[in-house]
Colleague: 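Pasting a structure below so you can have a look.
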Number of protein chains: 2
Amino acid sequence: MSAIADVARRAGVAKATASRALSGRGYVSEETRSKVIAAAAQIGYVASPNAASLVTGRTQSVGVIIPFISRWFFAEVLESLEQALLARGYDMTLYNLPTHSAERERVFDFFLARKRFDGVISVGVELSDTEVAQLHRMGRPLVGIGGETPGAHTVAIDDIATARLATEHLLTLGHTDIRHVGGDQAHQMDFAVHTKRLTGFTEAMRTAGLPTDNGFSACAFTVPGGYEAGLALLADPHQRPTAVFAASDEIAVGLIIAARELGLHLPDDLSVIGIDGHPYAEMFQLTTIEQHPRNQATLTVDTLLTELENTPTTTTTHLVTRAPTNLVTRSSTSPPR
Amino acid sequence: MSAIADVARRAGVAKATASRALSGRGYVSEETRSKVIAAAAQIGYVASPNAASLVTGRTQSVGVIIPFISRWFFAEVLESLEQALLARGYDMTLYNLPTHSAERERVFDFFLARKRFDGVISVGVELSDTEVAQLHRMGRPLVGIGGETPGAHTVAIDDIATARLATEHLLTLGHTDIRHVGGDQAHQMDFAVHTKRLTGFTEAMRTAGLPTDNGFSACAFTVPGGYEAGLALLADPHQRPTAVFAASDEIAVGLIIAARELGLHLPDDLSVIGIDGHPYAEMFQLTTIEQHPRNQATLTVDTLLTELENTPTTTTTHLVTRAPTNLVTRSSTSPPR
DNA sequence: CACGATACTGGAAACGATTACATAGGGAAC
DNA sequence: GTTCCCTATGTAATCGTTTCCAGTATCGTG
């Protein structure tokens with residue numbers, strides 16, 4: 001049973017030597033190394049990470065905190081995180097943490113305290129100060145992706161700048177009656193993202209000398225959310241905007257579907273721009289600002305793992321890595337008729 | 001450091017007693033129990049599951065094998081699995097296993113062999129015999145959800161019967177020129193699901209005495225996939241079917257969007273039925289057969305965990321739990337004009 | 001009162017690795 | 001030829017739990 005002991009016996013060496021041979025740490029002659037490896041292969045030995053982590057303190061796995069997975073950005077991120085971690089030899093344990101609730105506390109106290117991971121990646125969740133402190137006290141590095149978490153390294157796009165850019169795209173085309181359709185706290189995504197995109201919109205409008213009051217509609221961050229918002233916003237021909245900046249491509253697509261149902265033609269009757277780079281964008285000829293979640297994810301893994309491997313650098317410098325975005329112009333936007 | 005030892009010292013008892021008090025196993029007087037608990041609370045003690053699993057052999061976590069995350073069914077399942085497992089005190093470790101490739105072998109050999117989990121849930125993946133055998137040899141129960149895995153308990157809808165039902169819905173309405181749009185192996189989802197849904201379609205058509213050749217179009221299992229298939233299928237008014245059975249709601253929605261772009265009106269010009277119960281279905285007034293992935297997921301967790309907790313029942317009876325489905329009729333289907 | 005359960009507790013041996021420390025041979029440097 | 005360093009290996013301690021075993025006190029029962 002004692003697995004490595006078996007390997008050692010079979011190879012005619014001590015447990016310590018076997019361990020060194022297999023892990024590659026410390027001195028082992030080439031000859032014994034191959035003997036040990038052969039013995040291990042013979043009995044199909046695989047090390048117990050539990051036993052190892054008991055003494056090393058490293059678990060070779062990272063915890064990922066995510067509020068939901070069915071939203072496009074999150075699913076993409078999750079998939080890439082897993083691949084990147086796997087490639088680096090790490091397991092990924094998933095914690096689907098609700099944004100606010102008692103459940104959340106339970107997750108933290110019960111699961112995260114068990115320190116079954118070397119580090120944590122939180123995607124789109126803004127952890128509270130006490131939560132960050134708790135992780136920090138446990139010596140577990142934390143890297144965020146999406147929302148900015150104070151006290152932790154974060155990979156994210158510049159939401160304000162991106163929203164401003166999207167709005168400016170419409171302004172440059174000559175639109176003046178522009179609305180912003182996005183999420184709000186009630187629709188259960190993190191507050192900061194919504195606020196920032198709204199801020200960017202407002203800034204751009206103000207800079208252009210246009211009124212910003214009454215320019216925002218809230219909806220769920222989904223296609224149906226955008227659809228409903230669209231029906232409400234576009235129904236009345238007399239107070240219909242000429243352009244809409246949607247906070248996500250899914251919302252934008254919902255808007256487009258609503259517009260089509262109302263008999264409007266894009267981009268003549270309405271220009272729409274989104275943010276994301278969702279596969280639907282191409283299908284609907286949607287102008288959008290791509291944010292490449294998969295790249296963000298691999299960047300996040302890189303950041304966490306280097307932090308993990310150079311433990312000395314416990315410089316908890318609140319650092320933000322800005323992920324690049326790019327505007328893709330398609331036929332959903334044009335100058336107003 | 002030796003955490004439980006600290007608790008024990010603080011409470012003035014032996015490590016063994018402290019362990020018993022905290023775990024609830026074995027005899028402990030009410031008095032000492034509360035002393036121990038108080039001491040544990042004082043220093044904020046949480047047991048190391050690593051150390052515990054080293055001796056008990058249980059890790060309190062299950063591995064989930066999933067081919068991709070961004071598809072609706074999979075995302076829903078994953079989210080529910082996580083919640084159900086968390087509620088039962090289990091961690092969930094995610095393995096995003098590609099359907100076919102060398103990577104897959106690597107995952108199995110390297111990660112799954114580390115036996116960091118008490119059981120495995122495979123969603124929509126049909127594991128090979130050797131893979132099942134490997135898990136079985138390790139004494140790790142396996143429950144599948146979605147595709148049927150020979151040699152393991154599986155929770156799944158009856159794909160053939162569901163496809164037949166969908167087709168029969170169209171037949172009953174009086175349609176005779178019906179097409180099936182679904183996935184195939186080239187579009188990287190598991191083969192069996194596609195085949196089964198196609199089989200159900202073919203069976204229903206044959207029973208109705210209708211021709212089945214040339215009645216199937218393959219596409220990606222996504223909205224854009226259905227969209228492209230729709231443009232191709234519906235462009236020519238002379239050989240346009242009066243009804244389409246789409247293998248998923250996402251495909252169906254793509255078809256509807258394509259139909260609208262081509263100027264068709266549902267259900268007059270075309271009837272469309274899907275399978276899933278996707279949130280988009282309601283938005284597009286899509287008739288569909290709901291399969292309730294969240295229920296399937298909790299059912300799967302229940303199955304695995306009871307198997308886990310009653311280890312004696314190592315009766316590897318190949319059992320299939322059929323998840324219920326239900327037809328929801330909306331206005332995307334009607335008798336042909 | 002003796003005896004066997006029954007409740008409770010502590011000591012010590014696991015579980016399966018890693019690693020600090022000790023030992024020993026061989027070559028380079030002086 | 002001594003000294004020192006480097007390679008190579010073995011012994012034993014360690015990580016933090018659970019659990020087996022043994023021992024003691026209490027209590028009901030015949």
Colleague: Rounded to the Å, how far apart are A:Leu22 CG and C:dT19 P?
Modeller: 13 Å

Colleague: Please determine, for the side chain of B:Tyr45, which listed nucleotide (C:dT9, D:dT17, C:dG16) has the closest atom?
Modeller: D:dT17

Colleague: Write down the distance between CD1 (A:Ile4) and C1' (C:dA17), rounded to a whole number of angstrom.
Modeller: 6 Å

Colleague: May I have the distance from B:Arg58 (atom CZ) to C:dC15 (atom C1'), rounded to whole angstrom?
Modeller: 15 Å

Colleague: Within this structure, what is the OG-CD distance for the pair A:Ser122 and A:Glu131, rounded to the nearest 0.5 Å?
Modeller: 9.5 Å

Colleague: Quick one: A:Glu31 CD to D:dA8 P, roughly how many Å, whole number?
Modeller: 11 Å

Colleague: Any donor-acceptor pair, under 3.5 Å, between the side chain of A:Lys15 and the base of D:dT11, if you only look at N and O atoms?
Modeller: no

Colleague: Main chain of B:Gly119, side chain of B:Arg140: is a donor-acceptor contact present, judged purely on distance under 3.5 Å?
Modeller: no

Colleague: Could you pick out which residue, B:Thr17 or B:Ala51, lies toward the 5' side of DNA chain C when each is mapped onto its nearest nucleotide?
Modeller: B:Thr17

Colleague: Of the nucleotides C:dC15, D:dT17, D:dA12, which one has an atom closest to the side chain of A:Ala16?
Modeller: D:dA12

Colleague: Quick check: closest heavy atoms across B:Thr154 and B:Thr149, and the distance to 0.1 Å?
Modeller: OG1-N, 3.4 Å

Colleague: Using the side-chain heavy atoms of A:Arg20, tell me which of these nucleotides is nearest: C:dG10, D:dT17, D:dG10.
Modeller: D:dG10

Colleague: Can you see which heavy atom on A:Gln83 is nearest to which on B:Asn96, and at what distance?
Modeller: NE2-ND2, 3.9 Å

Colleague: If you only use heavy atoms from C-beta on, which nucleotide in D:dT18, D:dT17, D:dC15 is closest to the side chain of B:Ser19?
Modeller: D:dT18

Colleague: If you look at every strand shown and take non-hydrogen atoms under 4.0 Å, does A:Arg25 touch a base, only sugar-phosphate, or nothing?
Modeller: sugar-phosphate

Colleague: In whole angstroms, how far is the P atom of D:dT14 from the CG atom of B:Leu54?
Modeller: 17 Å

Colleague: Atom NZ of A:Lys35 to atom C1' of D:dT9: distance rounded to whole Å?
Modeller: 11 Å

Colleague: Within the 4.0 Å heavy-atom criterion, would you say B:Ala47 contacts the bases, only the backbone, or no part of the nucleic acid?
Modeller: sugar-phosphate

Colleague: Tell me the closest heavy-atom pair linking A:Gly26 and A:Arg20, and the distance in Å.
Modeller: CA-CD, 4.2 Å

Colleague: Would you classify B:Val36 as touching base, sugar-phosphate or nothing, given that sugar-phosphate means primed atoms plus P, OP1 and OP2, and contacts are heavy atoms under 4.0 Å?
Modeller: nothing

Colleague: Between A:Asp91 and B:Thr93, is any side-chain donor less than 3.5 angstrom from a side-chain acceptor?
Modeller: no

Colleague: Output yes when at least one side-chain N/O atom of A:Tyr27 is less than 4.0 Å from OP1 or OP2 of D:dC5, else no.
Modeller: no

Colleague: If I take atom CZ from residue B:Phe117 and atom CG from residue B:Leu304, how far apart are they, to the nearest 0.5 angstrom?
Modeller: 11.0 Å

Colleague: Look at the side chain of B:Ser29 and decide which nucleotide, out of C:dG10, C:dC8, D:dT17, has an atom nearest to it.
Modeller: C:dC8

Colleague: List, with names and distances, any nitrogen or oxygen atoms from the protein found under 3.5 Å away from nitrogen or oxygen atoms belonging to nucleotides 24-26 of chain C.
Modeller:
none

Colleague: From CD of A:Glu30 over to C1' of D:dT9, roughly how many Å is that when rounded to an integer?
Modeller: 15 Å

Colleague: Show the nearest heavy-atom pair for residues A:Gln296 and A:Ala323, with the distance to one decimal.
Modeller: CG-CB, 3.5 Å

Colleague: Under 4.0 angstrom, heavy atoms only, what part of the nucleic acid is A:Thr32 near: base, sugar-phosphate, or nothing?
Modeller: sugar-phosphate

Colleague: Kindly point out which of D:dT17, D:dC21, C:dT18 is positioned nearest to the side chain of A:Thr56?
Modeller: C:dT18

